[in-house]
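Take a look at the structure set out below.
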Amino acid sequence: MRLEAHVRGSIEEALERMGVPAPHEVPVERPQRSEHGDLTSRIAFPLARSVRRSPQELARQLAEQLDGETPFSEVSAVDGFLNFRMAPIPLGEVVRGVIIDGESYGSSDEGAGRPLQIEFVSSNPTGPLTVGHGRQAALGDVLAELLAQRGWHVTREYYMNDEGHQIVMLARSLWARYRQALGDAVPVPEDGYQGDYLAALGEELAQQWGDRYPTWTTEAEGEIRVFAVERMMAVIREDLQAMGVAFDVWTREGDLHRRGLVAETLEALADRGAVYEREGARWLEATAHGLSRDPVLIKSDGTPTYIMVDIAYHMDKFRRGFERVIDVQGADHVDTQRQVKLGLKLLDVPDTFLDYCIHQFVTLKGAEGVQRMSTRAGRFLRLSDLVEELGRDVFRYFMVMRKPSSHLNFDYALAKDTSMENPVYYIQYAHTRVASVLREAQRTGELPASLVEVDLSPLTDEAERALILELDRFPEVLASAAHGYAPHLVCEYLEDLAGLFHPYYSRVRVLGQGAATPARLALLASVGLVLRRGLTVLGLSTPEEM
RNA sequence: GCGCCCGUAGCUCAGUUGGACAGAGCAGCGGCCUUCUAAGCCGCAGGCCGGGGGUUCGAAUCCUCCCGGGCGCGCCA
């Protein structure tokens, strides 16, 4: 049983004995200071008014009621707070629980296997992925894993935008590179893609095609487009693979058009009277629903906008049977998110269907100061280069260690030179130390055949109690990280756990300590297991030695 | 100008549905390796939580105004 459940249950029983109606949920928290107990409740504050007693008085009475209860070694009332110190038995049960649950410790069946889709990266196939995409790739991937841990059946999906103006610009830019390779002085269009990654492809086309397309024609565009998109997608897949991110489904914009979904969705919106014509374009009636402006759905040249296609795409997701969809997107999409949500609402999709995880951008700190990356201008840091240089583990960790809503300050030089101060190594090193002791215990014959059976009562050291309390917290951390779309909480947690373990390891000897040894081995095994669980959720490796 | 996000130690950031004297890592200063890996551990120092008002028994947290930074603002995605 989780420690919180002991506290909550005991308080509810005590209130009943006192004839005080319990609130729907009894608040139980982890105090910041250890003097305030292992767990604490401020139940007396909300209840004081209804029973016409002061919080202090009510807390005192509750403490009196609870002080003899078995799960607690001490219950005290301080300034209206009710502070609990847990007895050795429930603490030992935490360790035993971790060992019994094993690789499923901290997971839940809240999602009950219901289908959930998470769409992320979805970068246009116009160039390699950059550090900015890296944040989204790591965020989305970890978020997907977190929701899977909560029992959802998760689909990772990449939306591939292989139509529209940007793709034409890509093809036009590549054609220029192709002509350049043949000796023509054709410049890459000013608003085209300037990056030199297209130059190599241009060379390739020149060799393959010779002088087949001397001028920019519809035919040239058609063929170059297909070639360019396939090549760019291959590059993006490689970049994702380097990060250890794999998608279950790839959806192409072109397919949505071919299946008639865009036209169908537009018609449905028009049937609702939400579409009007002006200046040769077709618009969505959005200001009438509280938005700041009306977006264009169909441009005056007859082609659909990104918003239009995205509404159609999300209608498709809805029909595919997902109960929830989460899109991970950058902060520059906030306006369009509202527009898409409005479109879905008009088409009777429940408001809870689509949710966004919005993240701020990665800023690079260099000698020239902060610089915004731009794929179009060819000014970017390739994701794959960085992953290769830092290692997958370090890169992924750095991308998710901050709250998504905050800017991620990525100091390239520091990240490269982190061997001594890197939290990733700090956490992984804790894991290897556990493994090392267990190996040694195996060698000396001190490792019990079954850690579940071990007597855990010798775990009375304050550092051991602190570690156990931290282990007990892991399920809550996974839950809040999943609910709040906040993978960084897992990072913080692992740093805290490792931060408790290293000092303990340095001070307290495990092997050759008589009755304490099996208990400490069980504790170490459970610490190692939770570290491994956390690292795995983040998609990092769990080395046995370093 | 309008909308959204952010402003906490020298730096990078945490801070649970408002709660008990504000936390971590790094940088700085001083210690610790004959014993399960010193990629570690221990100690010291460091803060009007951007600023003013308000709500509350209680505010870094909620409301309001101001200052500073990021992103976006009808046919790019």
Side-chain angles (χ1 to χ4, degrees), chain A residues 25 27 29-33 35-36 40 42 45 48 54-55 78-81 83 122-124 126 161 163-167 169 191 253 278-284 286-287 291-301 303-310 330-338 358-361 363 365 370 372 376 401-411 414 418-423 425-426 428-430 432-441 443-444 446 476-477 480 484 486 488-489 491-492 495-496 499 502-507 509-512 524 545-546:
Chain A
E25 191 164 314
E29 289 164 344
R30 315 257 167 189
Q32 288 178 7
R33 315 176 74 85
E35 312 89 273
H36 297 143
T40 185
R42 49 190 164 77
F45 290 93
S54 71
V78 183
D79 296 335
F81 292 92
N83 298 336
S122 296
S123 165
N124 295 344
T126 54
N161 217 301
E163 298 278 333
H165 179 67
Q166 292 305 325
I167 296 299
M169 288 317 298
D191 50 350
E253 178 183 353
R278 196 201 335 152
E279 298 164 19
R282 304 186 72 184
W283 307 65
L284 179 67
T287 46
L291 270 61
S292 56
R293 65 180 180 86
D294 290 348
V296 170
L297 295 177
I298 303 296
K299 295 181 252 180
S300 46
D301 68 1
T303 60
T305 59
Y306 162 79
I307 295 299
M308 179 63 243
V309 181
D310 215 37
D332 54 344
H333 277 66
V334 279
D335 263 12
T336 63
Q337 287 163 2
R338 289 177 189 170
I358 304 162
H359 66 89
Q360 293 292 330
F361 297 102
T363 47
K365 215 170 64 182
V370 175
R372 179 83 200 271
R376 222 172 295 181
M401 70 195 285
R402 300 298 178 219
K403 196 165 44 176
S405 63
S406 288
H407 282 93
L408 178 62
N409 236 306
F410 191 82
D411 191 327
L414 185 74
T418 44
S419 55
M420 300 298 260
E421 65 228 37
N422 196 321
Y425 297 145
Y426 187 78
Q428 288 181 330
Y429 189 48
T432 65
R433 279 183 146 174
V434 168
S436 169
V437 177
L438 294 177
R439 268 200 311 273
E440 186 64 12
R443 196 183 65 76
T444 61
E446 290 176 272
E476 295 162 30
V477 172
S480 345
H488 72 286
L489 295 177
C491 300
E492 302 263 327
E495 287 179 46
D496 287 347
H502 284 301
Y504 174 69
Y505 171 89
S506 306
R507 182 172 62 78
R509 204 162 159 80
V510 174
L511 301 182
L524 256 63
E545 38 188 82
M546 287 170 81

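In what follows, chains are A, B, ... by sequence order, proteins preceding strands, each numbered from 1. Given the structure is predicted, the values throughout are model-derived calculations rather than measurements.
Of the candidate nucleotides B/A20, B/A14, B/G40, B/G40 has the atom lying nearest to any side-chain atom of A/Tyr426. Here the nucleotide nearest the side chain of A/Arg33, chosen from B/C21, B/C5, B/G40, is B/C21. Between B/C6, B/A77, B/U17, one nucleotide has an atom nearer to the side chain of A/Arg42 than all others, and that is B/U17. You'll find that the side chain of A/Arg293 is closest to B/G74, out of B/A14, B/G72, B/G74. With B/C5, B/C42, B/A77 as the choices, the nucleotide that has an atom nearest any side-chain atom of A/His165 turns out to be B/A77. Comparing B/A20, B/U17, B/A14 by their nearest atom to the side chain of A/His36 picks out B/A20.
Of the side-chain N and O atoms in A/Thr40, none sit less than 4.0 angstrom from OP1 or OP2 of B/G19. Residue A/Arg433 places at least one side-chain N or O under 4.0 Å from the OP1 or OP2 atom of B/A38. Taking side-chain N and O atoms only, A/Asn409 has a distance below 4.0 Å to OP1 or OP2 of B/C13.
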**Request:** Evaluate side chain to side chain contact (heavy atoms under 4.5 Å, CB included) for A/His36 paired with A/Val78, printing each intermediate quantity in order.
**Result:** CA-CA 8 Å; A/His36 297 143; A/Val78 183; 5.5 Å; no
**Request:** Verify side chain to side chain contact (heavy atoms under 4.5 Å, CB included) between A/Met308 and A/Arg282, making sure each step is shown before the conclusion.
**Result:** CA-CA 10 Å; A/Met308 179 63 243; A/Arg282 304 186 72 184; over 6 Å; no
**A/Thr336 vs A/Asp310, side chain to side chain contact (heavy atoms under 4.5 Å, CB included): CA-CA, chis, key distance, verdict** = CA-CA 9 Å; A/Thr336 63; A/Asp310 215 37; over 6 Å; no
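Separating the P atom of B/G7 from that of B/U12 is a span of 13 Å, rounded to the nearest Å. For the C1' atom pair drawn from B/A20 and B/G25, the interatomic distance equals 26 Å after rounding to whole Å. Rounded to whole Å, the P atom of B/G28 lies 32 Å from the corresponding atom of B/C6. Separating the C1' atom of B/C65 from that of B/U55 is a span of 15 Å, rounded to the nearest Å. Spacing of P atoms, B/C5 relative to B/A14, comes out at 16 Å, to the nearest Å. Spacing between B/C41 and B/G58 at atom C1', rounded to whole Å, works out to 39 Å. B/A60 sits 14 Å from B/G53 when the P atoms are compared, rounded to a whole Å. A gap of 34 Å separates the C1' atoms of B/C4 and B/A27, to the nearest Å.
Atoms NZ (A/Lys403) and P (B/A14) sit 5 Å apart, rounded to a whole Å. Rounded to a whole Å, the CG atom of A/Leu511 is 11 Å from the C1' atom of B/U35. Residue A/Arg402 contributes atom CZ, which lies 13 Å from atom P of B/G25 at whole-angstrom precision. Counting to the nearest Å, the C1' atom of B/G72 and the CD1 atom of A/Ile307 are 12 Å from each other. Atoms CH2 (A/Trp283) and P (B/C73) sit 14 Å apart, rounded to a whole Å. Rounded to whole angstrom, the span from the CD1 atom of A/Ile358 across to the P atom of B/G72 amounts to 14 Å. The CG-P distance, from A/Asn422 to B/G40, rounds to 10 Å in whole Å. Taking atom NE2 of A/His407 as the reference point, atom P of B/C13 lies 10 Å away to the nearest angstrom.
In this structure, A/Arg509 reaches the bases: a heavy-atom distance under 4.0 Å links it to at least one base atom across the strands shown. Across all strands, A/Asp79 comes closer than 4.0 Å to no nucleic acid atom at all (heavy-atom distances). The residue A/His502 sits close only to the backbone: its heavy atoms come under 4.0 Å of sugar-phosphate atoms, none of a base. Counting non-hydrogen atoms under 4.0 angstrom, A/Arg338 reaches the backbone sugars and phosphates but no base. Using a 4.0 Å heavy-atom distance criterion, A/Ser292 is classed as making no nucleic acid contact. Among the atoms of the strands shown, base atoms are found under 4.0 Å from some heavy atom of A/Glu35. Across all strands shown, A/Gln428 has no heavy atoms under 4.0 Å from either base or sugar-phosphate atoms. A/Thr303 comes within 4.0 angstrom of no nucleic acid atom, judged by non-hydrogen atoms across all strands. Nucleic acid contact class of A/Arg30 (heavy atoms, under 4.0 Å, all strands): base. Backbone-only contact: A/Ala331 has heavy atoms under 4.0 Å from sugar-phosphate atoms and none from a base. Among the heavy atoms of the strands lying under 4.0 Å from A/Thr432 is at least one base atom, whether or not backbone atoms are also near. In this structure, A/Ser480 reaches neither bases nor backbone, as no heavy-atom distance under 4.0 Å exists between it and the strands shown. When heavy atoms are screened at a 4.0 angstrom cut-off, A/Glu495 is found touching no nucleic acid atom at all. Within the nucleic acid shown, A/Glu545 comes within 4.0 Å of at least one base atom, counting heavy atoms only.
In this structure B/G1 sits in a base pair with B/C73, meeting the Watson-Crick or G-U test at under 3.5 Å. Across all strands shown, nothing is found opposite B/C36 as a Watson-Crick or G-U wobble partner with both distances under 3.5 Å. Pair assignment for B/G43: B/C29, on the basis of Watson-Crick or G-U wobble contacts that are both within less than 3.5 Å. The partner of B/U55, taking Watson-Crick or G-U wobble pairs whose two distances both stay under 3.5 Å, does not exist in any strand shown.
The shortest heavy-atom contact between A/Phe45 and A/Asp79 is CZ-O, 3.5 Å. Nearest heavy atom pair, residue A/Gln337 against residue A/Ile358, reads OE1-CD1, 3.3 Å.
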Interface polar pairs with nucleotides 45-50 of chain B, N/O, under 3.5 angstrom:
none

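Place A/Leu438 and A/Pro295 on RNA chain B by their nearest nucleotides, and A/Leu438 ends up nearer the 5' end. Closest-nucleotide positions on RNA chain B for A/Pro31 and A/Ile298 were compared, and the one nearer the 5' end corresponds to A/Pro31.
Judged by centroid separation below 5.5 Å and plane tilt below 30°, A/Phe81 does not stack onto the base of B/G19. Here A/His488 does not lie in a stacked arrangement on the base of B/A14, lacking the combination of planes under 30° and ring centres under 5.5 Å apart.
In this structure, CD on A/Glu29 lies 8.0 Å from CZ on A/Phe81, to the nearest 0.5 angstrom.
With A/Gln360 contributing its side chain and A/Ala331 its backbone, the two residues share no donor-acceptor pair below 3.5 Å.
Every residue was checked against the ring pair (Phe, Tyr, Trp, His ring centres under 6.0 Å) condition with A/Tyr504, not counting sequence neighbours, and none meets it. The side chain to side chain contact (heavy atoms under 4.5 Å, CB included) check on A/Arg443 picks up A/Glu440, with sequence neighbours excluded.
Contact check for A/His488 versus A/Pro404: side-chain heavy atoms found under the 4.5 Å cut-off.
A donor-acceptor contact under 3.5 angstrom links the side-chain atoms of A/Asn83 to the base of B/A20.
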